[in-house]
Amino acid sequence: MLDRTFYQMPTLDVAKNLLGKIIVRRSPNNYYAAKIVETEAYIGGNDTACHASKGLTPRTQLMFGEAGFAYIYFVYGMHYMLNVVTEKKGFPAAVLIRAIEPLENIEQMIINRGGQEKNIGNGPAKLCQALEINKTLNGCDLTINQEIWLEESQSKTKLDIVAKPRIGIDYAKDEDREALWRFYLKSNPHVSKK
DNA sequence: CTCTCGATGTTCT
DNA sequence: GAACATCGAGAGG
């Protein structure tokens with residue numbers, strides 16, 4: 001299980017270092033494991049793409065808190081997004097998990113996704129559906145929780161990381177839209193978009 | 001393959 | 001009342 005010092009690193013380092021790590025999820029009836037293959041960083045009150053740029057609200061208070069907690073929110077009336085809080089208390093930042101590569105209990109993930117065998121985890125809302133992630137896990141401590149946590153990657157091969165602009169943030173200022181804060185594993189088939 | 005658009009509920013103005 | 005860190009269906013090439 002990754003410890004708090006991992007999440008306390010600068011957000012861009014956390015975002016890059018999360019690639020290749022393993023998400024473990026234990027729900028009442030199921031166990032899953034998957035590899036993180038795509039992330040995005042949202043950093044501070046000056047990042048107009050970051051929810052925390054609106055200030056401290058009931059919704060965003062988690063981002064202002066201690067690193068290592070899950071920030072899960074609901075958008076478009078139907079989708080959940082999984083984020084990991086980073087940095088020091090008082091500095092709002094988080095990393096969005098955008099895509100996973102299924103490893104264990106793929107059959108159940110397919111069922112959770114409505115029976116479709118492709119596109120199980122290649123998007124932030126899809127992976128939450130596949131892994132039974134919803135609002136009940138919001139605010140949980142990823143360094144001690146028994147239902148969801150992260151683990152060190154198994155393979156030691158060097159990762160080929162690509163940096164691109166973030167997706168779905170047309171509302172942000174130009175400089176923030178252009179920031180290369182989206183990271184993914186090069187040529188991995190489970191990444192959300194080319 | 002591409003593009004457009006509707007779904008649907010929470011949050012903030 | 002508007003906007004939203006998305007997805008998938010449907011139309012058209």
Side-chain angles (χ1 to χ4, degrees), chain A residues 7 10-16 18-19 23 34 36-65 67 69-87 91-102 109-140 142 148 150 161-185 189-194:
Chain A
Y7 301 104
T11 305
L12 292 176
D13 291 337
V14 178
K16 283 180 266 193
L18 276 174
L19 297 174
I23 299 186
I36 297 172
V37 300
E38 180 178 350
T39 61
E40 279 179 5
Y42 290 84
I43 312 175
N46 294 327
D47 174 10
T48 58
C50 179
H51 290 167
S53 65
K54 302 289 183 190
L56 199 162
T57 67
R59 181 200 205 190
T60 62
Q61 61 174 342
L62 269 164
M63 287 182 114
F64 287 81
F69 286 76
Y71 168 47
I72 298 168
Y73 63 90
F74 191 59
V75 278
Y76 299 119
M78 57 183 78
H79 298 308
Y80 293 101
M81 303 281 144
L82 171 64
N83 297 252
V84 171
V85 176
T86 60
E87 309 266 359
F91 185 89
V95 173
L96 169 69
I97 310 299
R98 277 197 62 89
I100 57 168
E101 175 178 330
M109 293 188 203
I110 292 171
I111 294 171
N112 296 345
R113 288 278 302 132
Q116 202 180 359
E117 297 193 12
K118 290 199 59 156
N119 305 325
I120 299 173
N122 62 339
K126 298 179 197 175
L127 71 90
C128 285
Q129 214 183 340
L131 299 178
E132 299 182 44
I133 292 170
N134 56 55
K135 203 81 180 174
T136 63
L137 295 172
N138 188 37
C140 75
L142 296 169
I148 183 170
L150 303 183
I161 297 175
V162 183
K164 293 285 187 196
R166 292 170 291 179
I167 291 180
I169 53 162
D170 288 347
Y171 57 88
K173 287 197 318 199
D174 283 355
E175 57 179 293
D176 295 325
R177 285 194 303 139
E178 292 162 8
L180 302 179
W181 288 355
R182 172 184 178 226
F183 304 98
Y184 60 86
L185 296 179
H190 299 89
V191 163
S192 66
K193 288 185 182 178
K194 288 173 260 180

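Remember, it's a predicted structure, so these values are computed and weren't measured experimentally. The analysis underlying the following values was restricted to heavy atoms, covering all of them including side chains, and did not include hydrogens, waters or symmetry mates.
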Exercise. Hey, can you pull the residues of residues 167-175 of chain A with a non-hydrogen atom under 4.0 angstrom from DNA chain C?
Worked result: A:G168, A:I169, A:Y171

Exercise. Among residues 113-126 of chain A, which residues get a heavy atom nearer than 4.0 Å to DNA chain C?
Worked result: A:R113, A:G123, A:P124, A:A125, A:K126

For this session: Begin from the C-alpha positions of A:D170 and A:R177 and carry the test side-chain contact (heavy atoms from CB on, under 4.5 Å) through to its verdict.
Result: CA-CA 7 Å; A:D170 288 347; A:R177 285 194 303 139; 4.3 Å; yes

Problem set entry | Among A:V95, A:I169, A:D176, the one residue meeting side chain to side chain contact (heavy atoms under 4.5 Å, CB included) with A:Y42 | A:I169

For this session: Please name the residue in the list A:L131, A:I72, A:L137 that meets the side chain to side chain contact (heavy atoms under 4.5 Å, CB included) test with A:L82.
Result: A:I72

How about [X] and [Y]: do any of their side-chain heavy atoms sit closer than 4.5 Å?
X	Y	value
A:K126	A:S192	no
A:Y184	A:R98	no
A:L96	A:R166	no
A:K54	A:T60	no

Exercise. Along DNA chain C, 5' to 3', what are the outermost nucleotides having an atom less than 4.0 Å from a heavy atom of chain A?
Worked result: C:dC4 to C:dG8

For this session: Assign the ring pair A:H51 / A:Y71 to parallel, tilted or perpendicular, where the plane angle (0 to 90°) is split at 30° and 60°.
Result: perpendicular

Exercise. Would you write out the dot-bracket form of DNA chain B, 5' to 3', with Watson-Crick and G-U pairs under 3.5 Å, [ ] for crossing pairs, | for pairs to other strands and . for unpaired bases?
Worked result: |||||||.||||.

Problem set entry | Rounded distance in Å between the P positions of B:dG6 and C:dA2 | 15 Å

Exercise. For the residue pair A:D47 and A:W181, what are the closest heavy atoms and their distance?
Worked result: OD2-CZ3, 3.6 Å

Exercise. Taking all atoms of both residues into account, what is the closest heavy-atom pair of A:V191 and A:R182, and its distance?
Worked result: CG1-NH2, 3.7 Å

For this session: Summarise protein proximity over nucleotides 8-13 of chain B in one line of letters, 5' to 3': B for base, S for sugar-phosphate only, - for none, counting protein heavy atoms closer than 4.0 Å.
Result: BBSSS-

Problem set entry | Within 45° cone and under 6.0 Å: A:R59 NZ/CZ vs A:Y73 ring | yes

Exercise. Take atom CD in A:Q116; do more than 12 heavy atoms of anything else shown fall under 6.0 Å from it?
Worked result: yes

Exercise. Does atom NZ of A:K118 have more than 12 heavy-atom neighbours, drawn from other residues, nucleotides or ligands, at distances under 6.0 Å?
Worked result: no

For this session: Please identify each residue that fulfils side-chain hydrogen bond (donor to acceptor under 3.5 Å, both in side chains) with A:N46, with sequence neighbours left out.
Result: none

Exercise. Heavy atoms under 4.0 Å, any strand shown: does A:R98 hit a base, just sugar-phosphate, or nothing?
Worked result: sugar-phosphate

Seminar exercise, completed: Separation between CG (A:L142) and CZ (A:F69), nearest 0.5 Å, reads 8.5 Å

